[in-house]
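Notes follow once the structure below has been shown.
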Amino acid sequence: MAKLTMAKALNLALAQEMERDESVCVMGEDVGRDGGVFRITEGLIDRFGDVRVMDTPLAESAIVGVGIGMAVAGLKPICEIQFSGFSYMGIDQLESHAARMRWRSRGRWSVPMVVRAPYGGGVRALEHHSESKEVYYAHTPGLKMVIPSGPRNARALLVSAIRDPDPVVFFEPKAVYRAFREEVPDEEETLPLGKARIVREGGDITLVAYGSMLRPTLEAAEQLAGEGVEPEVIDLLTISPLDDEMIAASVRKNGRVVVVHEAQRSFGAGAEIFARLIEKAFWYLEAPMERVTGYDVIVPFFAREKAYLPDAGRIVRAAHRALL
Amino acid sequence: MAKLTMAKALNLALAQEMERDESVCVMGEDVGRDGGVFRITEGLIDRFGDVRVMDTPLAESAIVGVGIGMAVAGLKPICEIQFSGFSYMGIDQLESHAARMRWRSRGRWSVPMVVRAPYGGGVRALEHHSESKEVYYAHTPGLKMVIPSGPRNARALLVSAIRDPDPVVFFEPKAVYRAFREEVPDEEETLPLGKARIVREGGDITLVAYGSMLRPTLEAAEQLAGEGVEPEVIDLLTISPLDDEMIAASVRKNGRVVVVHEAQRSFGAGAEIFARLIEKAFWYLEAPMERVTGYDVIVPFFAREKAYLPDAGRIVRAAHRALL
Amino acid sequence: MPRTEIDLQQTISYLSILDEEGNADEELVPDLDDDTLHRLFRVMLLSRRFDERLLQLQRQGRLGTFAPVKGQEAAQIGAMAPLRRTDWFVPSFRETAAALWRDTPLSGLLLYNAGFNEGGLPPEGNNDLPIAIPVATQVPHAVGLGYAARAQGKDDVAIVFFGDGATSEGDFHEAINFSGVFSTPTIFLCQNNQWAISVPREKQTHSRTLAQKAIAYGIPGIQVDGNDVLAVYAATVEAVERARAGEGPTFIECITYRLSLHTTADDPSRYRSEEEVQTWERKEPLIRFRRYLESRGLLSDQEVERLEQEIKEEIEQAWQEAQVQMENPDPSVMFEHIYADPPDYLQAQRAAFQKEIGGG
Amino acid sequence: MPRTEIDLQQTISYLSILDEEGNADEELVPDLDDDTLHRLFRVMLLSRRFDERLLQLQRQGRLGTFAPVKGQEAAQIGAMAPLRRTDWFVPSFRETAAALWRDTPLSGLLLYNAGFNEGGLPPEGNNDLPIAIPVATQVPHAVGLGYAARAQGKDDVAIVFFGDGATSEGDFHEAINFSGVFSTPTIFLCQNNQWAISVPREKQTHSRTLAQKAIAYGIPGIQVDGNDVLAVYAATVEAVERARAGEGPTFIECITYRLSLHTTADDPSRYRSEEEVQTWERKEPLIRFRRYLESRGLLSDQEVERLEQEIKEEIEQAWQEAQVQMENPDPSVMFEHIYADPPDYLQAQRAAFQKEIGGG
Amino acid sequence: EREQPAREGAPVPASPATRRRARELGVDLRQVEPGGPHGRVTNEDVQRAAQK
Ligand SMILES: Cc1ncc(C[n+]2csc(CCOP(=O)(O)OP(=O)(O)O)c2C)c(N)n1
Ligand SMILES: Cc1ncc(C[n+]2csc(CCOP(=O)(O)OP(=O)(O)O)c2C)c(N)n1
Ligand SMILES: [Mg+2]
Ligand SMILES: [Mg+2]
Ligand SMILES: [Mg+2]
């Protein structure tokens, strides 16, 4: 075991998978010689060469589209989009082809590809560099949408995503890349896609979060515990397919829930979580479900970033409302 | 008054607005000489010339991006995307610029543009020609997302969209283009964006629909009425901004609701409607909310189209469940 | 210093071998045995007749919208013929003729056109991708396929077909640029049929030729008479050899013509003249190739009559097979192949769906 | 018939007027009065010093990530100078030097770099678009702006700046193709600074020059020494005149160099050598232009000293102003300008937000 | 949330959990004295009504 940042944990996952399976390759802007602008792919080109680690021209649709061709031919491309805010240039290739190739060819061809990108705010970045549009991908059948929250689960989920036979969009919370270290086993570890995890047990209220929002949610849980409230905290890990059974079981027990995401409120992932809870836990709701989210504005330039992003205070206040 | 199809009603709106305001122009693939593949822009190039009616090269991102430039300079471009399934190539221009230009320039520049596209299934079309990804646009602050249901409201909403100072994505239900005729006034008429309308009043259950789903929903309402149930039918007309107050008022009265959309279920517009109802009508929900939607599959090739699309039968069965 | 002209170190050439009358420039005729020459004609004729039958069936409401390939038989078959089965075939939505060269079952194409997902299954043993409808989006796939082949130590190549309209799309540009940088064994086969629905070639782009767009990527480009199956074949053979030898991609612009409508939902009388169509009818590929083969003693009127009959029966047989498969379409097929392993929520939806269609 | 070479009817030239030593080819020196020559130098120097101050402030944590423009002053200012205020300026994210020619307030740029939306307000009276970060996505905007100008009966032109990396993007391709088809008065000004973060020019595309990409669109293309402000100016004047006369777009490739890091979050030592940077330092634009002006008697050491002092004070003044505006940032500014008229739900969110920050 | 007088057919305001408990206890919400804000019937109200 070693204590690794998320950045190092992701790098470990990539290196071990590339070692284990020579069809795995990495492609994107500045991923080779530069090791990626966040250094997630550091060292890979020296180890595996420039055929398996491709510094591509500046062209997101082609990064995904060429990756699709590579995947159909039997490679396992891991496409890096430099920031999730630039992924929209590739969304047509994802929706029109990556998501459909298996279905369109009746199972003859498939696209075991990962498209990974840093997402979310909190690092005082430029415009477009703090985006959180996971719903675009979650609403697209044929894709999976995964968002880790810490070093260990990021490593395990990325390995699972790489091994998954279908296209996975993997958003990495950049605010967590180097925020803290965590024990990460040297030996390989996976986590199943589509399964959430209970991070903290409690019988009074359920708090659901993912990505960089897990930390303020755990902070809020601490504050609530100090007030004598016992919150149950669920870390989604996968947005689609959603582990609605775990969330519903918790809400059936607790009756009150707060969902936290930095993405804009309207039509965000929180809405679907609410919908699943209506479908699976309706009769156990004691109070209106709460969602603490980004406002329905464009993510502000970084001087106002903190005001935009959910924090522990907002989550606690929402919990109070849900506990009325 | 004349009885017009939706196609003719839209054509009327375009012609009248172009007559009234010489900054209004139309651009897209085959919109000029061919009058558009659905003939929505028929006759416009003969009346207004080829500077204001542009047959563009085959390039959706540029149709939107060039349109953005035209709008900033003071024109009012109406960009036609030939089918909504090809709009994803332009979504980066919409999210990164059309939606942001006013905000980014602190109000100095703005993008009074309309991006219109035929959406949805039901006409035995090829793959990618029956798509319904309105959520992509509804989840994007700075845009508005409008979906008419019939000739008269399509005309009135398109006029409002054209006059709106901000970018509007306008999805036209192609299944309705020529499905029926309706009285449409010759003189100009508008409908405010962001306002739904009650199509049928009733005190037992609320049915919420939009676009081509209004018709099967009204059919279902008829069947329910035949069983002694009085449904209230709401036609959304605008997806974003959502008229949650009208829906909530109806649900506070009726306590039971079914939402209908052809878009895939998960992370679809129905989820956000559920969320708003939790926020505004929670205490009046007498039964789990129901949503009748497309399945979470890729829209099938047309031999199975009917099985995929919601129909009156499915809506009635959902209403029965909601009335338990 | 005064302006100096930059040496671009490449030129764009035009190649034609078989003229409209069926006379061939013998020095340029590619090396093709009699069987292959015969097969080239047979498949061109099969494509032509199949296209006609599809149109008929569509007008009768038995099939849905499709894109006729009439006029482009040489451009597609000439380009497909030099490739091996393991070479990748990446079509757009109009490559029926090329698909027929690849022995794609007619019944499958009929099923596809009748709106059945089952029709999308590629023929066994072929490295064929399914029909791709969003214009130009398939072009990067052929770059990746080619890249993978080389990474896997194979000498397979990938050919991708697209139209004149497609050259305006960003994906066309990004893909070919990638191919030039990574020197992928990809053949970019542009079917310049002069139209993109109602937009004529001159309004699609301001460059005089499409082939010259290769200069933007530093890759070889050539323009050929696309109605001349021998020229298309010869140019493609060259491109295939270069690609297999590790010398990278080639861009081939085939000058041809879309003799029929864009799709069955189109009305060309709105935007082009009958005279123009007639002009191009005279240049169409089957007539000249038939004359050439006749001049070589490889074809006779009786042989053509025999072929016509054979083809007619083949098409009818396929249509009968397709109709059998079209009875009782199990709608739950729409839940298949979304993922390798259907997730729980999808299985639940399928079960609920099955219950609903069962009766409630 | 044998292959025939196609006459492309255009060539790509290279233009250089002022060499590295500051010697000018007198026949080619554009028609510029002394005041303008002086201003060109002043703004280049202002840009250089402002860049240095920004870097300093960023390292101190007072400003966020930004993209230094060191080395590209001539390529930007030479291109901006021929334009009128009503001509459209469409920058990417590195056009600080061009923005300074346009009298963009330094305090605004500082505010932007400090993460304040208020810094995005374009200068009054200028047809300037704000900074555009997604690479190449601004290129179509300049096509639309140009098209609109002509539709509105104006002779305004639009200049759009973008880098070598940007030429690989689909939006670059689609935009220029549109421009060629509609003959828009758009100048495509490519800042080929040899790098796109860590990707060198040779790995970005396989074409020998970027200027030759113009051939793909049938529009004129020229390559210039981008560190030679007179050549950039001359080429742009030509392009502007063509555009204003209704003769359409021009593509100008400026050969220059990114002397500093990509952004302040970058470490160039990982992918390029100090020798390469030194080689280009010797070709940098300010030195040679200073020598030229000195040789023309338009600049002296004392004058430069005076300018340096003036510039230093100007920058300090702006920084003081910016800091005042940076105190107490009202966070509810983030709700402004999302729409012309904020919809109810947004007003409600703003009210709820105001309540939360009020204390609860 | 707005005040509204109970109408024939209009829902009695209560959480879904309260409605479930009422059903389980055989309590008709319309017969229960609402103790919550805005005429809302609470769990305690239902409990009390069930014990009568
Ligand atoms: C991205 C996209 N936009 C629009 C369409 C609708 N469409 C189908 S074919 C076509 C014209 C294609 O022209 P071209 O590339 O020349 O191919 P051709 O039809 O001539 O074979 C258009 C606009 C599409 N399929 N994909
Ligand atoms: C679409 C997109 N992808 C990636 C990025 C991240 N990024 C910012 S600048 C840059 C390199 C741009 O290179 P070039 O066009 O040569 O401009 P330069 O930085 O050299 O001025 C990249 C990859 C971006 N801003 N936009
Ligand atoms: Mg694109
Ligand atoms: Mg064509
Ligand atoms: Mg560069």
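Chain letters run A, B, ... following the sequence lines, proteins first and then strands; every chain starts at 1.
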Which value, rounded to the nearest 0.5 Å, describes the distance between [X] atom [atom1] and [Y] atom [atom2]?
X        : Y        : atom1 : atom2 : result
B/Ile68  : D/Gln138 : CD1   : CD    : 11.5 Å
B/Ser105 : D/Ile131 : OG    : CD1   : 12.5 Å
B/Arg104 : D/Tyr112 : CZ    : OH    : 7.5 Å
B/Arg102 : D/Glu336 : CZ    : CD    : 12.5 Å

When D/Val143, D/Ile133, D/Ile338, D/Leu346 are compared by non-hydrogen pairs under 4.5 Å with chain B, the top option: D/Ile338
Heaviest contributor of heavy-atom pairs below 4.5 Å to chain B, chosen from D/Gly119, D/Ala148, D/Ser179, is D/Ala148
Exam field: side chain [X] to backbone [Y], donor-acceptor pair closer than 3.5 Å:
X        : Y        : answer
B/Arg108 : D/Leu121 : no
B/Trp109 : D/Asp128 : yes
D/Gln152 : B/Ala73  : yes
D/Tyr345 : B/Asp244 : no
D/Tyr339 : B/Asp166 : no

Select one option (side chain, backbone, both, neither) describing which atoms of [X] are under 4.5 Å from chain D's heavy atoms.
X        : answer
B/Leu75  : both
B/Asp243 : neither
B/Ser110 : neither
B/Pro57  : both
B/Leu242 : neither
B/Glu22  : neither

Heavy-atom check, side chain of D/Val333 versus side chain of B/Arg106, under 4.5 Å: yes
Side-chain contact test, heavy atoms from C-beta onward, threshold under 4.5 Å: evaluate it for B/Val66 versus D/Phe182 and give yes or no. no
Grab the two heavy atoms, one from [X] and one from [Y], that are nearest each other, plus how far apart they are.
X        : Y        : result
D/Asn117 : B/Trp103 : ND2-CZ2, 3.0 Å
D/Gly144 : B/Met70  : O-CG, 3.4 Å
B/Thr56  : D/Phe178 : CB-CZ, 3.4 Å

With only heavy atoms counted, which part of [X] is less than 4.5 Å from chain B, the side chain, the backbone, both or neither?
X        : result
D/Pro123 : backbone
D/Asp156 : neither
D/Leu129 : both
D/Val90  : neither

Do you know which of [options] has the most heavy-atom pairs under 4.5 Å to chain D?
options                               : answer
B/Pro165, B/Pro241, B/Pro77           : B/Pro241
B/Pro167, B/Gly107, B/Ala99           : B/Gly107
B/Arg100, B/Met54, B/Met101, B/Arg276 : B/Met54

For B/Gln93 and D/His141, which I'm curious about, is there any donor-acceptor pair between the side chains at under 3.5 Å? yes
Using a cut-off of 6.0 Å, state whether more than 12 heavy atoms not belonging to D/Glu124 lie near its atom CD. no
